[in-house]
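Shown next, in structure tokens, is the structure this report addresses.
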Amino acid sequence: MFGTLYLRYNVMELSKNFQHKEAEQQWYAHWEKKGYFKSTPDDREPYTIVMPPPNVTGILHMGHALNNSVQDILIRRAKMMGYNTCWVPGTDHASIATEAKVVGMLRDRGIDKKNLSREEFLKYAWEWKEEYGGIILSQLRKLGCALDWDRTTFTLDDDYYASVIRVFVDLYNKGNIFRGVKMINWDPKAKTALSDEEVNHKQMNSKLTYVKYRIDSEKEEYITIATVRPETILGDTAVCVHPEDERYAHLKGMYCFVPIINRRVPIIFDEYIDKEFGTGALKVTPAHDINDYNLGQKHNLQVIDTINEDGTMSSDAGKYEGLDRFVVRKKIVEDLKELGLVVKEEDYVNQVGFSERTDVVIEPRLSMQWWCKMGELAKPAIDAVADNDIDFHPGKFKNLYRHWMENIKDWCVSRQLWWGQRIPAWYDTEGTIYVAETAAQAHAQYQSKKPALAAQHAELRQEEDVLDTWFSSWLWPMEVFGWNKNPENAELNYYYPTNTLVTAPEIIFFWVARMIMAGYEFKGGLPFKEVYFTGIVRDKQGRKMSKSLGNSPDLLKMIDDFGADVVRFSVMICSPAGNDVLFDEAGLEQGRNFCNKMWNAMKLVKGWETRCEDDLDDTQVRFAMDWMDARLAQVSGEVAELMKDFKLSEGLKTVYSLIWNDFCSWYLEWVKPAQDQPIATSIYERTINIFEQLIQLLHPFMPFVTEDIYHILRERADGDDLIQKQLPAYQAPDAEMLKAGSMLQEVISAVRDTRNKNQLKPKEVINLGIDTQDKAFYERTMDILRKQVNATDITFTNEAKAGTLSIVVQTDKIYIDAPNATVDTVAQKADMEKDLIYLKGFVASVEKKLLNEKFVQNAKPEVIENERKKHADAMDKIKAIEESLK
RNA sequence: GGAAGCAUAGCUCAGCUGGUUCAGAGCAUCUGCCUUACAAGCAGAGGGUCCGCGGUUCGAACCCGUGUGCUUCCA
């Protein structure tokens with residue numbers, strides 16, 4: 001492997017640009033081979049992240065790229081800070097999504113799920129999983145993720161399965177799990193119940209249809225209701241009005257007929273009704289609306305279920321039986337029109353629930369399901385976040401969390417699917433339930449409870465339903481470390497609680513809240529210490545990236561074209577902390593250019609290697625090196641602060657600017673020897689050291705290019721890899737050096753600006769006369785200054801020379817003499833006059849402040865001191881300008 | 001209908017406890033340069049009523065009230 005390295009890194013053959021494809025492959029394999037991603041408990045402090053397991057059916061999209069880049073950055077940085085880092089990968093069995101995929105695959109092969117037994121179906125499902133599942137894990141490698149692959153976990157692994165069953169039984173025994181009929185969200189495509197969290201509400205343009213119901217009386221009299229779901233009319237078992245609605249007061253105790261099927265139903269009165277909505281009369285369909293259901297309970301109404309589990313009409317729908325609900329919606333309105341019962345139709349905007357998984361319209365449906373009571377589980381989890389035992393970033397999600405947790409409802413945990421953990425409940429012939437971890441244990445319960453029945457009918461029937469996928473994911477941080485086998489095992493005790501959970505705010509209820517509850521309930525403590533919520537990835541126009549909009553870019557192609565580093569850069573650079581991510585492909589170019597910049601800087605520096613001479617004097621550029629060290633120290637501190645606050649995007653920008661502006665644009669230009677000139681070995685060595693530290697700061701963000709450059713800069717011993725190089729301890733930057741450095745930059749920029757404004761070509765030589773109190777500064781930096789502004793003579797002077805351009809930097813007066821060009825000194829003077837006017841105004845405002853008694857009384861002493869200093873500085877500058885204008 | 005958040009340069013965003021020459025950065029734009037690593041580059045410049053209105057304060061981008069607009073979550 002180092003053979004190929006050597007070839008690629010032969011200086012003479014260094015490519016024009018950074019070659020991401022080779023580098024990525026090479027370094028990921030190297031890191032893996034070296035075992036850098038692996039973690040075993042030792043005496044270091046652990047830093048642990050469990051990756052939110054993507055669906056086993058998933059392929060890498062923008063959300064994953066963001067989420068996992070963030071985690072990788074945190075992990076890699078923690079590793080450099082000396083932690084024993086452990087990042088656990090895995091996938092989620094995603095019951096609904098996967099079962100849908102498998103059903104689709106079977107259909108393509110001409111197999112109908114209905115004709116398969118559970119065992120046969122599961123065999124196919126596992127086959128599918130082995131062949132197509134988990135593609136995303138290999139895609140995460142491409143992104144460069146430093147995951148401990150030996151710990152890869154699947155939520156349907158045997159041990160994982162057992163832990164889910166154990167938790168179910170435990171909660172059942174504690175009385176938290178029960179079975180009951182309730183109104184649930186039914187997904188007619190997946191044919192399963194969903195939890196409230198799995199329903200997305202979207203605004204829809206609907207029609208509000210006004211329909212007349214004939215009242216059962218001598219006269220021909222009608223009551224008109226308004227509905228957006230005419231197809232449910234067939235399930236109506238009442239019409240309801242407000243008790244104080246005078247329009248309907250005379251109908252007390254009367255009945256009306258449901259059109260088409262002519263069912264005689266009561267007119268009931270309830271304060272639930274909104275008198276203003278529609279006609280103030282509501283058709284009540286207890287089987288198909290949660291509010292109607294509640295009304296029905298209260299008023300003892302019949303429940304008639306007119307919709308089948310696949311969304312077609314049931315036998316109770318009479319002649320519409322077998323037709324789809326949306327077909328019937330139209331047809332029934334036509335039929336009602338023919339009967340003359342439609343009063344009018346109005347456009348109406350309402351919220352409609354869609355399945356999070358299959359995106360079909362949810363059907364509220366009454367059904368027998370398994371439920372988990374959440375109230376008790378929620379209590380410690382509420383406190384954990386309120387007391388900041390678990391820290392949320394950004395903090396705004398704390399409120400959201402608390403609000404939801406305080407109003408938490410029972411969790412519908414059963415799903416009418418086969419792919420998942422089968423609910424460990426068995427029924428005897430009389431319908432009694434036995435919940436146990438194994439069939440044998442259930443039988444034992446049965447034997448002891450009903451020996452007579454057991455003797456007659458030995459068989460128990462197991463519940464067909466499986467558990468909600470989230471009922472397994474909520475154990476993730478515990479179970480990836482083998483909680484089920486041994487809840488006190490050494491690994492679990494070392495890595496748990498994990499440090500940081502990085503996830504999307506959309507699953508704060510699905511997953512985050514439930515993991516916290518599970519952590520306290522089953523492990524007796526919090527699952528992670530902090531949660532970082534990334535933003536939602538949107539396109540440039542602010543639209544959420546989604547398959548249906550087709551606005552999410554092809555990540556793998558992007559990685560292929562630009563490289564993982566660039567993709568990571570482009571995602572992170574537009575990810576402001578706590579805000580959504582407006583992904584702009586322009587970031588790809590910026591990232592590519594950045595790689596190119598570093599690559600070329602490396603080529604420049606590397607090119608000096610053969611020009612090194614030990615005895616050369618380096619005092620001329622010592623200023624540059626000392627300044628760069630100071631900047632490095634300063635920015636390292638800034639980055640550390642930013643990372644602590646999860647301001648990763650800011651952190652990246654800061655390092656980017658340090659490398660591009662400070663290092664490439666200033667430093668390298670300052671130390672660069674003239675063409676074909678030798679360079680002092682000491683400068684070369686120190687420059688390499690600086691370069692190393694720079695790319696080390698960047699490494700967590702862009703691991704490949706940095707590791708690659710690290711190895712080209714110097715020949716490295718086996719095991720000397722950037723990924724595991726430890727960050728140096730924080731050093732306070734040399735403040736004097738920083739100040740001097742920016743002064744030099746200011747002088748250079750001011751001279752260049754003046755050159756530009758006077759159309760002095762870069763090649764045009766100038767002379768500088770400098771009037772300053774601080775000659776030492778200019779003596780120290782004179783060579784750099786000369787080179788940077790293309791000056792030949794730099795001399796000290798005490799007076800303005802006629803025909804020169806004068807500028808003032810801080811309080812130094814600089815006279816620019818261009819011997820071979822004509823310059824417009826008048827325009828230059830006018831510019832300075834403008835500065836003067838501004839400064840005088842500024843001084844006046846500061847004076848006003850200082851003369852204001854209230855200010856002097858109330859302001860903090862250091863603020864006043866500052867104002868005085870501002871005043872003095874401005875006065876000095878005014879003086880300098882006035883003198884140079886003479 | 002309930003709740004939260006946001007509004008600063010053309011775009012995306014920083015701006016801490018009200019006071020630093022505080023109005024900033026990156027991208028985009030404009031001008032000049034193929035200058036001995038990089039034109040995927042270099043040097044420089046121009047862009048803002050800090051959403052409107054009112055208040056608190058010696059002092060407000062920042063605190064309070066209010067209006068407007070946008071976004072998200074919940075029902």
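Proteins come first, then strands; the chains are lettered A, B, ... in the order of their sequence lines, and each starts at number 1.
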| Side-chain donor-acceptor pair present, D289(A), T285(A), cut-off under 3.5 Å | no
Which whole-number value in Å describes the distance from [X] [atom1] to [N] [atom2]?
X	N	atom1	atom2	result
R755(A)	U35(B)	CZ	P	15 Å
K763(A)	C33(B)	NZ	C1'	9 Å
L642(A)	G15(B)	CG	C1'	13 Å
Q675(A)	U35(B)	CD	C1'	10 Å
N407(A)	C73(B)	CG	P	18 Å
E638(A)	C16(B)	CD	C1'	14 Å
I408(A)	C74(B)	CD1	P	14 Å
F533(A)	C73(B)	CZ	P	14 Å

For the [atom1] atoms, the ones on [N] and on [M], what distance do you get once it is rounded to whole angstrom?
N	M	atom1	result
C63(B)	A40(B)	C1'	47 Å
U17(B)	A7(B)	P	15 Å
A9(B)	U49(B)	C1'	13 Å
A61(B)	G46(B)	C1'	23 Å
A23(B)	G47(B)	C1'	13 Å
G65(B)	G18(B)	P	16 Å
G15(B)	C50(B)	C1'	11 Å
U57(B)	G52(B)	P	22 Å

| request: Report, as a single string ordered 5' to 3', how protein heavy atoms within less than 4.0 Å touch nucleotides 2-10 of chain B: B base, S sugar-phosphate only, - not at all. | output: ---------
| remark: Whether each nucleotide of nucleotides 37-44 of chain B has a protein heavy atom under 4.0 Å at its base (B), only at its sugar-phosphate (S) or at neither (-) is summarised, 5' to 3', as BBSBSSBS
| query | Mind telling me whether G32(B) is syn or anti, cutoff 90° either side of 0? | reply | anti
Identify the two heavy atoms, one from [X] and one from [Y], that lie closest to each other, and give their separation to 0.1 Å.
X	Y	value
F583(A)	S570(A)	CE1-OG, 3.4 Å
I559(A)	E24(A)	CG2-OE1, 4.2 Å
K840(A)	E882(A)	NZ-OE2, 3.4 Å
L839(A)	A874(A)	CD2-CB, 4.4 Å

| query | Is the count of non-hydrogen atoms from other residues, nucleotides or ligands lying under 6.0 Å from E746(A) atom CD greater than 12? | reply |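 More than 12 heavy atoms, drawn from other residues, nucleotides or ligands, come within 6.0 Å of this atom.
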| message | Salt bridge check, R714(A) against E685(A): does any charged N sit closer than 4.0 Å to a carboxylate O? | response | yes
| request: May I ask you to decide whether E736(A) forms a salt bridge with K739(A), counting only side-chain N to carboxylate O separations under 4.0 Å? | output: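 Looking at E736(A) and K739(A), the cut-off is not met.
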| With a distance cut-off below 6.0 Å to the six-membered ring centre and an angular limit of 45° from the axis, does R631(A) pair with W666(A) as a cation-pi contact? | no
Taking the ring centre of each residue, are [X] and [Y] less than 6.0 Å apart?
X	Y	result
F701(A)	Y656(A)	no
F392(A)	F397(A)	no
W608(A)	Y684(A)	no

| said: Let's see if you get this right: which residues in residues 560-574 of chain A place a heavy atom under 4.0 Å from RNA chain B? | reply: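 Per residue number, the list is empty: none.
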| said: Judged by each residue's nearest nucleotide on RNA chain B, which is more toward the 5′ side, E506(A) or E650(A)? | reply: E650(A)
| message | If you assign L839(A) and S657(A) each to the RNA chain B nucleotide with the nearest heavy atom, which residue ends up on the more 5' nucleotide? | response |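 Closer to the 5' end of RNA chain B: L839(A).
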| task | Hey, can you tell me if Y532(A) and F646(A) have their rings parallel, tilted or perpendicular (30° and 60° cut-offs)? | result | parallel
| said: Would you call the rings of F594(A) and W660(A) parallel, tilted or perpendicular, taking 30° and 60° as the class edges? | reply: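 It falls in the parallel class, under 30°.
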Got a list of protein N/O to nucleotides 58-60 of chain B N/O distances below 3.5 Å?
from, atom 1, to, atom 2, distance (Å)
C58(B), O2', N852(A), ND2, 2.8

| side chain to side chain donor-acceptor pair (under 3.5 Å) between N399(A) and R402(A), intermediate numbers included | CA-CA 5 Å; N399(A) 277 337; R402(A) 185 174 45 79; 3.3 Å; yes
| said: Can you tell me which residue among N758(A), V751(A), I814(A), I766(A) is in a side-chain contact (heavy atoms from CB on, under 4.5 Å) with L805(A)? | reply: N758(A)
| said: If the condition is side-chain contact (heavy atoms from CB on, under 4.5 Å), which residues does D783(A) pass it with, not counting sequence neighbours? | reply: Q620(A), R786(A)
| field | Heavy-atom donor-acceptor pair, D708(A) side chain to F704(A) backbone, under 3.5 Å | value |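 Checked: no pair found.
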| Taking only Watson-Crick and G-U wobble pairs with both distances under 3.5 Å, what dot-bracket line describes RNA chain B, where [ ] shows pairs that cross earlier ones and | shows pairs with another strand? | (((((((..((((.....[....)))).(((((.......))))).....(((((..]....)))))))))))).
